[in-house]
Amino acid sequence: MPELPEVETVVRELRPRLVGRRIAAVTVSSLALRRHWSDEWGPRLVGRRVRAVGRRGKWILVALDRQLHLVIHLGMTGQLTVVPGGQPLAGHTHVVLDLDRGGDQLRFRDVRRFGSATLFEARGQLEEFFRQTGLGPEPFDVDAGYWAGRLAATSRCLKALLLDQRVVAGVGNIYADESLYEARLHPARPARNTGPADAGRLRRALVAVLRRAIAKRGSSIRDYVGGSGRRGAYQREFRVYGRPGQPCPRCRGPIARIRLAGRSTHFCPQCQRL
DNA sequence: ATAGGCGCCTGCTGGC
DNA sequence: TGCCAGCAGGCGCCTA
């Protein structure tokens, strides 16, 4: 579910609700999460104060005192919210952190459990983790030279490149399709056949689409909610994603859906020529 | 290096 | 109404 705009919205809404507060108790469901989460982490978190809340790609970073870093990935259906402790616990809630003042709770809910939560003991461990996964730059930091280099260096298609977190961090299926539409580029176009003008258009389109989506607090199709529990609104702005057969906003022709890089891919065959 | 397939999970939808 | 296939904002592993 959540791509960069959704994760950014979660982070922005969690920040004022978490920073400066202390963790009073930790509860983990018996099912817990698919990867990561050790029984030792709960006790280690109790008494710690939240220093900062940040994001890297689709990863949420909660920095605590004593160098502790709680790193959360929302997978497909993850929700990370701060709610009053009295609010009924929704099904599939796997981690609950009680906060010291006011009785609020930070809750991690994840129906499909593709998400993860990991505790790192030092900033260096965190950096090592991202080094190992080879996480690429934030889209907003990608410059023309880097982008041209990455495009030229591969025989893969543009869609596959955009989805590769090592090339650029934070892009998923929705924003890959929406950016390619914005740039008028066919998703199956081989990256290395993309000239400088087209490459530049794609890079700028990606940034523009992501910024617009952040302004609308991300896209809620089914599960996604922000850190406050509110849904996003960018799903109403989709030009191609999830609209196969419907008219292209530009040319009125029908939007196509194909399978690419193992993912369902939406585009306008008229406006996005190979 | 890269494509394709599967597996991890649960829930919802559409067709019969 | 019931059943079953197919689908879903992700990602890591395996094989060819």
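Each chain gets a letter, A, B and so on, in the order the sequences are listed, and its residues count up from 1.
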Single-linkage hydrophobic cluster A/V83~A/L14, side-chain heavy atoms < 4.5 angstrom: no
Protein-nucleotide distance (A/N173, atom CG; C/dC11, atom P), rounded to Å: 11 Å
Distance below 4.0 Å between A/R113 side-chain N/O and B/dT10 OP1 or OP2: yes
Nearest-0.5 Å distance that lies between atom OG in A/S219 and atom CD in A/E178: 8.0 Å
Backbone N/O of A/I221 and side chain of A/Q235: donor-acceptor pair under 3.5 Å: no
Phosphate contact (C/dG10 OP1 or OP2) by A/K58 side-chain N/O below 4.0 Å: yes
Check: A/Y241 ring centre within less than 6.0 Å of A/H266 ring centre: yes
Under 3.5 Å donor-acceptor, A/Q67 side chain and A/E121 backbone: no
Spacing of A/D223 atom CG relative to C/dC7 atom P, expressed in whole Å: 18 Å
Any A/T154 side-chain N or O less than 4.0 Å from OP1/OP2 of B/dT2: yes
Interface polar pairs with nucleotides 11-14 of chain B, N/O, under 3.5 angstrom:
from: B/dG11; atom 1: OP1; to: A/H92; atom 2: NE2; distance (Å): 2.9

Phosphate-side-chain proximity, A/S220 and C/dG9, N/O vs OP1/OP2 below 4.0 Å: no
Atom-pair distance (CG on A/D164; P on B/dT2), nearest Å: 9 Å
Below 4.0 Å: OP1/OP2 of C/dG9 and any side-chain N or O of A/Y175: no
Side chain to side chain contact (heavy atoms under 4.5 Å, CB included) partners of A/D164, counting only residues at least two apart: A/R156, A/R166, A/V167
Side-chain donor or acceptor of A/E182 paired with backbone N/O of A/V209 under 3.5 Å: no
Whether A/E6 side chain and A/Y224 backbone form a donor-acceptor pair below 3.5 Å: no
Under-4.0 Å side-chain N/O to phosphate OP1/OP2 contact, A/R263 with C/dG9: yes
Within 45° cone and under 6.0 Å: A/R203 NZ/CZ vs A/Y146 ring: no
Sugar-phosphate, base or nothing in reach of A/G262, heavy atoms under 4.0 Å: nothing
B/dC8 pyrimidine/purine six-ring stacking with A/F114, under 5.5 Å and 30°: yes
Under-4.0 Å salt bridge between A/D198 and A/R184: no
Interatomic distance where CD belongs to A/E178 and P belongs to C/dG9 [whole Å]: 12 Å
Syn/anti state for C/dG10 [syn: chi within 90° of 0]: anti
Rounded distance (Å) that lies between atom C1' of C/dG10 and atom CH2 of A/W59: 10 Å
Rounded P spacing from C/dC7 to B/dG4 in Å: 16 Å
Atom P, compared across C/dC3 and B/dC9: separation rounded to whole Å: 25 Å
Nearest-angstrom distance from the residue atom CD of A/Q79 to C1' of B/dT10: 13 Å
Contact under 4.0 Å: A/H73 side-chain N or O vs C/dC11 OP1/OP2: yes
Base-paired stems that DNA chain B participates in, counting runs of 3 or more Watson-Crick or G-U pairs under 3.5 Å: B:2-8 with C:10-16, B:10-16 with C:2-8
Under-4.0 Å salt bridge between A/R44 and A/E40: yes
Nearest-angstrom distance, P atom, B/dG5 to C/dG6: 14 Å
Spacing of A/R55 atom CZ relative to C/dG9 atom P, expressed in whole Å: 20 Å
side-chain N/O A/R112 vs C/dC11 OP1/OP2, d < 4.0 Å: no
Whole angstrom value for the distance that separates P of C/dG12 from CG of A/L163: 13 Å
Touch class at under 4.0 angstrom, heavy-atom based, for A/R166 against every strand present: nothing
